[in-house]
Amino acid sequence: QVQLVESGGGLVQPGGSLRLSCLASTSSFSIYAMAWFRQAPGKQREWVARITNGGLADYLGSVKGRFTISRDNAKRTMYLQMNSLKPEDTAVYYCFVEVGLSGAWGRGTQVIVSS
């Protein structure tokens, strides 16, 4: 039983920044890899970034240099710092933890990048 709660979404202008947070309920947070996904209107959900339990990160090519994934195991929280946001970043962003047979998802937080 793992519950994930995302926060930090909102409306931002192109070129602006947002910081998303994902709080996990499990005390075993520190042993799991985590990831961010997003789903834009009318499109399939896509992987955005992943961070291992040791803090190694990987990114979707279109967000490299703009997004930074991180985690604070003591706070059981994962973050996604998003800078230089573009309209194409508009999506619902979902937190994912690689736990159990199929992982666990948060309910998502909306990010809208628009003038």
Side-chain angles (χ1 to χ4, degrees):
Q1 297 181 346
V2 179
Q3 295 181 17
L4 304 173
V5 180
E6 301 97 333
S7 62
L11 174 64
V12 64
Q13 293 184 335
S17 298
L18 285 173
R19 188 196 193 199
L20 306 184
S21 298
C22 172
L23 176 65
S25 65
T26 177
S27 61
S28 299
F29 178 85
S30 63
I31 72 173
Y32 301 123
M34 304 278 289
W36 288 98
F37 288 74
R38 68 187 181 187
Q39 188 165 18
K43 302 188 70 175
Q44 291 188 332
R45 188 171 299 185
E46 67 178 348
W47 168 80
V48 175
R50 179 178 183 266
I51 186 166
T52 70
N53 64 331
L56 299 178
D58 197 10
Y59 300 92
L60 174 68
S62 62
V63 309
K64 286 182 179 178
R66 300 189 297 119
F67 290 12
T68 302
I69 189 171
S70 62
R71 65 192 296 163
D72 186 331
N73 289 339
K75 296 181 178 180
R76 297 185 296 179
T77 302
M78 177 180 66
Y79 305 95
L80 186 67
Q81 178 67 47
M82 304 185 294
N83 299 325
S84 302
L85 283 163
K86 304 175 180 180
E88 51 262 45
D89 295 318
T90 296
V92 176
Y93 283 71
Y94 297 91
C95 178
F96 179 79
V97 58
E98 296 177 9
V99 62
L101 297 178
S102 59
W105 295 91
R107 294 182 179 180
T109 185
Q110 178 74 251
V111 172
I112 300 175
V113 185
S114 176
S115 299

Next on the checklist: Please determine whether residues Phe67 and Val92 belong to a single hydrophobic cluster, defined as Ile, Leu, Val, Met, Phe, Trp and Tyr linked transitively by side-chain heavy-atom distances below 4.5 Å.
Outcome noted: yes
Point-to-point distance, once rounded to the nearest 0.5 Å, from [atom1] of [X] to [atom2] of [Y]:
X     : Y     : atom1 : atom2 : result
Asp72 : Thr77 : CG    : OG1   : 6.5 Å
Trp36 : Arg50 : CH2   : CZ    : 15.5 Å
Gln3  : Cys95 : CD    : SG    : 12.5 Å
Lys64 : Asp58 : NZ    : CG    : 6.0 Å

Checklist entry - Is there a donor-acceptor pair closer than 3.5 Å between any side-chain N or O of Glu6 and the backbone N or O of Cys22? => result no
Item to check | Sidechain-backbone polar pair: Arg76 side chain, Phe29 backbone, donor-acceptor under 3.5 Å | outcome: no
Heavy-atom side-chain contact between [X] and [Y] under 4.5 Å:
X      : Y     : value
Val99  : Thr26 : no
Val111 : Met82 : yes
Tyr59  : Thr68 : yes
Leu60  : Arg38 : yes

Next on the checklist: If you take the centroid of each ring, where Trp contributes its six-membered ring, are Trp47 and Phe96 closer together than 6.0 Å?
Outcome noted: no
Next on the checklist: Set out, in order, the CA-CA distance, both residues' side-chain angles and the distance that settles side chain to side chain contact (heavy atoms under 4.5 Å, CB included) for Met78 and Ile69, then state yes or no.
Outcome noted: CA-CA 7 Å; Met78 177 180 66; Ile69 189 171; 3.8 Å; yes
Checklist entry - How far apart are the closest heavy atoms of Asn53 and Asn73, and which atoms are they? => result O-ND2, 4.1 Å
Next on the checklist: I want to check a possible cation-pi pair here: Arg71 against Tyr32, using under 6.0 Å from ring centre and within 45° of the ring axis as the test.
Outcome noted: no
Item to check | Trp105 and Tyr94 aromatic ring geometry - parallel, tilted or perpendicular at 30°/60° bounds | outcome: perpendicular
